[in-house]
4 protein chains.
Amino acid sequence: MGNGKGQEILETAVRLFRKQGYHATSVQDIADAVGLQKGSLYHYITGKEELLARIIAEGMQGYAQVLEEIVAQPLPARERLARAVRHHVAMIAENLGIYTVFLRERHALTPEQQKLVAESMRRYQALFERTVEEGIEQGEFRAVSPRLAAMLMLGAGNWLYQWFSPEGRLSATEIAEAFLDLFLRGLERGGGGGDAASERERSG
Amino acid sequence: MGNGKGQEILETAVRLFRKQGYHATSVQDIADAVGLQKGSLYHYITGKEELLARIIAEGMQGYAQVLEEIVAQPLPARERLARAVRHHVAMIAENLGIYTVFLRERHALTPEQQKLVAESMRRYQALFERTVEEGIEQGEFRAVSPRLAAMLMLGAGNWLYQWFSPEGRLSATEIAEAFLDLFLRGLERGGGGGDAASERERSG
Amino acid sequence: MGNGKGQEILETAVRLFRKQGYHATSVQDIADAVGLQKGSLYHYITGKEELLARIIAEGMQGYAQVLEEIVAQPLPARERLARAVRHHVAMIAENLGIYTVFLRERHALTPEQQKLVAESMRRYQALFERTVEEGIEQGEFRAVSPRLAAMLMLGAGNWLYQWFSPEGRLSATEIAEAFLDLFLRGLERGGGGGDAASERERSG
Amino acid sequence: MGNGKGQEILETAVRLFRKQGYHATSVQDIADAVGLQKGSLYHYITGKEELLARIIAEGMQGYAQVLEEIVAQPLPARERLARAVRHHVAMIAENLGIYTVFLRERHALTPEQQKLVAESMRRYQALFERTVEEGIEQGEFRAVSPRLAAMLMLGAGNWLYQWFSPEGRLSATEIAEAFLDLFLRGLERGGGGGDAASERERSG
DNA sequence: TATGAATGAGAGTTCATTCAT
DNA sequence: AATGAATGAACTCTCATTCAT
């Protein structure tokens, strides 16, 4: 990390993989973009796939550790969930390249590597689920499906890689707060008591 | 289209593109799976990319028309939005193959085709946004960002292609209702008055 | 075998591998020699190494079976040994290309394949050894080391690949008979009684 | 030559060329084995091929001079031949690496170098032939083909590189004596007078 | 003396596509 | 409609060698 050419190659690969996709990006493309001969790249990389693996590993490191710390803090579930969502959105927004590659190209890895990635994602998701669960247990949240609540949040967050642009009108923070505004309202025990579905019955 | 072999080839391509990705699936793979020689495939298809284009076109047809009808109905915004989400979730859950390919492989199309697809998605998203907007205008919903509300819903729904399984414990309907339960609560003007953000202030 | 282009490619490979060696012969060389594009070769071969493996397998088939039949015949050991040597010499002389590749390039095979080849050669050698042994047991031969007698015969025979030429003055038959004339004399119980070593003592 | 590192590189190359073959051994392999960077090797060698040439030249020196002295001595042909064979066997057994490379990899040299090597081998072989011839002229040996007698001896001896092991049960001396025991018996004028072929007639 | 970055040619292989049969 | 031989371009990767430091 930070070792000049090696890092430049990695970043270039992220950029090209994001723009063209992993398969559609040739080693030649990377070499051209970085100003080296094709063969020279191999002083820095073991192979094209290892490059992808490194990018994806970087993506995995980025989220796992921080999230574990967040959800372990002695705070109300709602606050922990809020922080988790902010972290999630920020992480993707600030590393769009890496997460685009991560989310879209991980299937190009070897089956073993894919298993590691899948396991990592499962753990990440489980942290969200668990936090929702705790919120329910402690009476902060309504009795929703923790699984689906987590999937909704993660899905909405991950989808950012498809549309977020740092140059866009919306900042990552604004997005996170807007999402939370909707999420948490939906989760929290409302004053009226009934769930949205039953409210729909009444009003629909 | 619809003629025996031709349809079989298309479906086989969907299955293989979904499993292995577009680039990682060779014409030979498709020929093998369909029981033809590679050369014989070309009596039915123009090329590999055209096959992808047809799959993606099928995906686009699937959602556009129906959604326009839904949001045009003379119903409360909340109800229209609910139906739209149900449609969205059902469509993806019932055509996982097509939508996986659609969402993941559309970057392999020619730039012109990609533009068409992007435009189609933009229109689709606009229908959601507009409906949220109308809900706000008519006092059904809180004053949230229609753009972000739409993105949240679409993101959560699209993400299904990554985790939904027809054999799983959760049916598409259950998922759609659970999502709506959370979405709509978040959108609706709550009894308590304060927004989630300000509540967070108090409790955080 | 005999299937037109496939066989032609194999024979061309034998010729080129013999002339230039396996590593120094490129797939391009073979394609050029056979009048195809490099890529077209791959309709007939799985890879360059498989080509080598096939050549070597052909070499192994050539000797193993026939020799087993020869040494199993109800004949004096001397006669069986004579026939074995004639077979060995003829086989190499008539398939110089194959045996040159076999003897010189087998190290380019995978370790597993090399093991198979080594085992095949060991069996072949064992047949020679056993025949010498039987000749000794039955009083036809002197009490020499069967191992070394076999190695001498096989070595001299194998070496043919280095110098024999079908256009040369000496025919394979002449060579075989001359070798036998020397071999068998050395093996047989001579009239004079003493072995060469002790004679050397006397005269040296 | 003889200067520490240079000699170490040469010996390492011999070892690796023998184990893996010349083409399959990369300059990197040699550098690794000798504990230098690839680029540093070029302070000691001109190139990979020159390394091979030096090894082969060393092989040629090893046999040529000594053999000339042996066959020039005023001794019976049989004794000179015996000494020549002992020398040949010892030389190969004691320099297995060099002679394996010599015999197996000389085709990787330039055509000019190959010519020199071929000429050297021809001279070597001629010394054996001439000695056999002289033995025949002087009545020590039977009237065999000197060429084939030489080929038999050289072939059996050279073949050692394929099977001899310093750790094996048989010492180089034992092998040489056993070979001689068989060779010379075959060559010498036997008491019985008839040649092996005619004996075969009688007994076969 | 030693490094290691860089080269550039060439290797084996894959693959979408064409076309005569 | 179906074949399968053939193409030719592109691909990833290797490697002997050079050279500024």
Side-chain angles (χ1 to χ4, degrees), chain A residues 3-6 8-9 22-31 34-52, chain B residues 3-6 9 22-31 34-52 108, chain C residues 3-6 8-9 22-31 34-52 108, chain D residues 3-6 22-31 34-52 108:
Chain A
N3 57 344
K5 267 277 157 55
E8 188 188 344
I9 289 168
Y22 173 73
H23 280 106
T25 302
S26 71
V27 172
Q28 185 66 259
D29 290 338
I30 301 172
V34 93
L36 281 177
Q37 290 302 112
K38 206 171 28 164
S40 309
L41 272 191
Y42 286 82
H43 279 281
Y44 301 96
I45 66 173
T46 299
K48 190 185 167 190
E49 198 191 301
E50 180 248 18
L51 206 42
L52 176 61
Chain B
N3 58 336
K5 269 275 158 58
I9 289 168
Y22 172 73
H23 280 105
T25 301
S26 68
V27 172
Q28 185 65 256
D29 289 339
I30 301 171
V34 93
L36 281 176
Q37 289 306 114
K38 210 173 19 167
S40 311
L41 268 192
Y42 285 80
H43 286 285
Y44 301 96
I45 66 173
T46 300
K48 191 184 167 190
E49 199 191 300
E50 179 248 17
L51 208 42
L52 177 62
Chain C
N3 57 345
K5 267 277 157 54
E8 188 188 344
I9 290 168
Y22 172 74
H23 280 106
T25 302
S26 71
V27 172
Q28 185 67 257
D29 289 339
I30 301 172
V34 92
L36 281 176
Q37 291 299 113
K38 203 169 37 159
S40 309
L41 273 190
Y42 286 80
H43 279 279
Y44 301 96
I45 66 174
T46 299
K48 191 186 167 189
E49 197 190 301
E50 180 247 18
L51 206 42
L52 176 61
Chain D
N3 58 334
K5 268 275 159 56
Y22 172 73
H23 279 104
T25 301
S26 68
V27 172
Q28 185 66 257
D29 289 338
I30 301 172
V34 92
L36 282 176
Q37 290 305 114
K38 211 172 18 167
S40 311
L41 268 192
Y42 286 81
H43 287 285
Y44 301 96
I45 66 173
T46 300
K48 191 185 166 189
E49 200 191 298
E50 179 247 18
L51 208 42
L52 177 62

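Residue numbering restarts at 1 for every chain, and letters A, B, ... go by the order of the sequence lines.
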Hey, is the side chain of A:Lys5 poking within less than 4.0 Å of OP1 or OP2 on E:dA6, counting only N and O atoms? yes
Looking only at heavy atoms, the pair that brings B:Val34 and B:Lys5 closest together is O-CE, 4.3 Å
Give the B/S/- string for nucleotides 13-21 of chain E, one per nucleotide from 5' to 3', where a protein heavy atom under 4.0 Å of the base yields B, of only the sugar-phosphate yields S, and otherwise -. BBBBBB---
Where B:Tyr22 and B:Ala108 come nearest, the two heavy atoms and their spacing: CD2-CB, 3.6 Å
Please round to the nearest 0.5 Å and tell me the distance separating atom CD1 of C:Ile9 and atom CG of C:Leu41. 5.0 Å
Closer to the 5' end of DNA chain E via nearest nucleotide, is it D:Gly35 or A:Gly35? D:Gly35
Sequence neighbours excluded, the answer for ring pair (Phe, Tyr, Trp, His ring centres under 6.0 Å) partners of B:His43 is none
Separation between CD (B:Glu50) and OH (B:Tyr44), nearest 0.5 Å, reads 14.0 Å
Kindly write out the residues that satisfy salt bridge (Lys or Arg N to Asp or Glu O under 4.0 Å) with B:Glu49, not counting sequence neighbours, or none if the list is empty. none
For residues 23-30 of chain A, which side-chain N or O atoms pair as donor and acceptor with protein atoms under 3.5 Å away, sequence neighbours left out?
residue, atom, partner, partner atom, Å
A:Thr25, OG1, A:Leu16, O, 3.2
A:Thr25, OG1, A:Gln20, OE1, 3.3
A:Thr25, OG1, A:Gly21, O, 2.7
A:Ser26, OG, A:Gln28, N, 3.4
A:Ser26, OG, A:Asp29, N, 3.0
A:Ser26, OG, A:Asp29, OD1, 3.4
A:Ser26, OG, A:Asp29, OD2, 3.3
A:Asp29, OD2, A:Ser26, N, 3.0

Just the rounded figure in Å: distance from C1' of E:dT7 to OH of A:Tyr44. 12 Å
Go ahead and write out DNA chain E as dot-bracket, 5' to 3': ( ) for pairs within the strand, [ ] for ones crossing earlier pairs, | when the partner sits on another strand, dots for unpaired; Watson-Crick or G-U wobble, both distances under 3.5 Å. .||||||||||||||||||||
Does E:dG4 have OP1 or OP2 under 4.0 Å away from a side-chain N or O of D:Gln37? yes
